[in-house]
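Naming: A, B, ... by sequence-line order, numbering from 1 per chain.
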There are 2 protein chains.
Amino acid sequence: MKHYRALEFARRAGVTVRTLHHYDRVGLLRPAGRSGTGYRLYTDRDLLRLEQILVLKLIGLGLKDIRALLERDGRTELPDVLARQQRVLAIKREHLDRTLRAIGMARSALSGAGQPDWESFTTLIKEIAMQNTTSWQEQYFSEEAQARIDSRAHLWSPELQQRVGAEWSALYRDVEAALSEDPAGEKARALAVRWNALVSEFTGGDPGIQEGLNRMYADAPNWPAGRQAWAPRPEVQDFIRKALAAAAIRPGGG
Amino acid sequence: MKHYRALEFARRAGVTVRTLHHYDRVGLLRPAGRSGTGYRLYTDRDLLRLEQILVLKLIGLGLKDIRALLERDGRTELPDVLARQQRVLAIKREHLDRTLRAIGMARSALSGAGQPDWESFTTLIKEIAMQNTTSWQEQYFSEEAQARIDSRAHLWSPELQQRVGAEWSALYRDVEAALSEDPAGEKARALAVRWNALVSEFTGGDPGIQEGLNRMYADAPNWPAGRQAWAPRPEVQDFIRKALAAAAIRPGGG
DNA sequence: TCTCCGCTCTGACGCAGGGTCAGAGTCAAG
DNA sequence: CTTGACTCTGACCCTGCGTCAGAGCGGAGA
């Protein structure tokens, strides 16, 4: 049986020598033997065991649990262990998802409002990250529409989210600046077209989603505190509704 | 200005007194003052700051970074910070997703194969969790089909995944046991119906996805090593194809 | 006034999973 | 024999607190 010394063995397994020391110390992986001068000597069987360890670590188990599992050669327990880890990780992912959505919304809100103020930022993040993110808006959408929104969710990469958020901010600013213009004029028409394009980015052209959006934005004054940063000013909403009507485009929320 | 002592202040913010001590020590949140006898005295301004701290911690920043950010009153840096955190968290979520998928597949594989052996388990998890999970199967599906698969991905909760995996295992066993029967017989028809139901669970009835599945399972011998545990035995595939044909159901992969 | 309970302080150790020295010994090639 | 690449052990460091331990305060009841 060929023996490997620490560095070679570590490189084979893709870990550091320090890791081997650590695993030895905690009794997770003791080398097959020692040389006369105290050098650790590993074999291929050790490599197999180390690979098992690393895989179990990969799926999020702690070293202690791994040790216990391997010591009992826990092949029969493996299914249960996997089930538990799956639940644990699923919960983690939900947290992560919420946090990511919160950051996305915060970025959009920030990119619009020149100097960000901490207060609205904290309330926004807290509201979104702590609790149910999407549930409050479910009241506005039919079940099928909500399902179609969910199925489009994976399309919203952080980059796209950011780009669209920035475009919304720019559009809001431009509309603000055009409030004194004629809602049926040429400038207003251009704004309405941009508006409609951005709305379509979210609806994907789905009329059910569009309808829900309309309901939702009509109810903007009643949104939870954390979302008020997203509510467009009534003047803006009025203007764009008129502009959309004049341009013969069905109105979209915003 | 009203003053709070440690416990009351901590309760207001939803943290422990120890946390306050810690934040004081690392210079993240020093109380507005001290009583004559050394008691920490916090004010409402401290509460605001603590809320900012907690929100920044929520999105994954370290205490050191938070301190630096708040010390410079980094309102202007906030957008950059958020962008960075978003990327960091997005990467984390990808890891998590891969790991969850890997666990799901491992559970299914395990629930079929009586005594699990470590070797196929480790190769499976490594293959899936370390690298591109879905890319190898993209070759079998058209772009639209792949897009529809992605859009159905959110439907696959861990629970559903597990249930369907278990049903597949049971079905495989039953088919194995029925290999000597007539593929056109009544028993075979029942199996074909079950098979088709499970396939539909994945395809959602989409013929494009179905077509890709057929291509994919026809190529099973060429799947990467980590997926071989998923390949049905040729006899099983043969039997079920005949049974599906006899039952006048279009064949589904598996 | 004494006592008692509940609060507060500081200091110190522990946790997971190693990273990163420091100081000393070993191995093999030139 | 030297030199450079490894190896060993022991020890401290990191994060973000939890968890004592020992000692001091503050206010209410007896």
Which residue lies toward the 5' end of DNA chain D, B:Arg5 or B:Thr19, if each is placed at its nearest nucleotide?
-> B:Thr19

Residues A:Arg93 and B:Asp97 bridged, charged N to O under 4.0 Å | yes

Spacing between B:Leu63 atom CG and D:dG16 atom C1', to the nearest angstrom | 6 Å

Note: A:Asp24-A:Arg40 ion pair, threshold 4.0 Å (strictly below) | yes

Pair B:Asp44-B:Tyr4, side-chain donor/acceptor within less than 3.5 Å | yes

Could you tell me the separation between the OG1 atom of B:Thr43 and the CG atom of B:Leu48, rounded to the nearest 0.5 Å?
-> 8.5 Å

Could you state the atom-to-atom distance from CG of B:Asp24 to C1' of D:dG16 in whole Å?
-> 15 Å

In numerical order, the residues of residues 31-55 of chain A whose heavy atoms come under 4.0 Å of DNA chain C are A:Thr37, A:Tyr39

At what distance, to the nearest 0.5 angstrom, does CD1 of A:Ile66 lie from CG of A:Leu61?
-> 5.5 Å

From CG (B:Asp46) to NE2 (B:His3), nearest 0.5 Å | 9.5 Å

N/O donor-acceptor pairs under 3.5 Å from side chains in residues 49-57 of chain B, not counting sequence neighbours:
from	atom 1	to	atom 2	distance (Å)
B:Arg49	NE	B:Leu28	O	3.1
B:Arg49	NH2	B:Leu28	O	3.0

Nearest heavy atoms of A:Tyr42 and A:Ala6, plus distance in Å = CE1-CA, 4.4 Å

To the nearest 0.5 Å, atom CZ of A:Arg84 lies from atom CD1 of A:Ile59 at 10.5 Å

Start and end of chain A contact along DNA chain C [non-hydrogen atoms, under 4.0 Å] = C:dA16 to C:dC27

Taken to the nearest whole Å, NE2/A:His21 to C1'/D:dA11 is 14 Å

Between CD of B:Glu8 and P of D:dC25 the distance, given in whole Å, is 22 Å

Could you state the atom-to-atom distance from CZ of A:Arg18 to C1' of D:dC14 in whole Å?
-> 13 Å

Under-4.0 Å side-chain N/O to phosphate OP1/OP2 contact, B:Lys64 with D:dT15 | yes

Nearest-Å distance, CZ (A:Arg25) to P (D:dT7)?
-> 18 Å

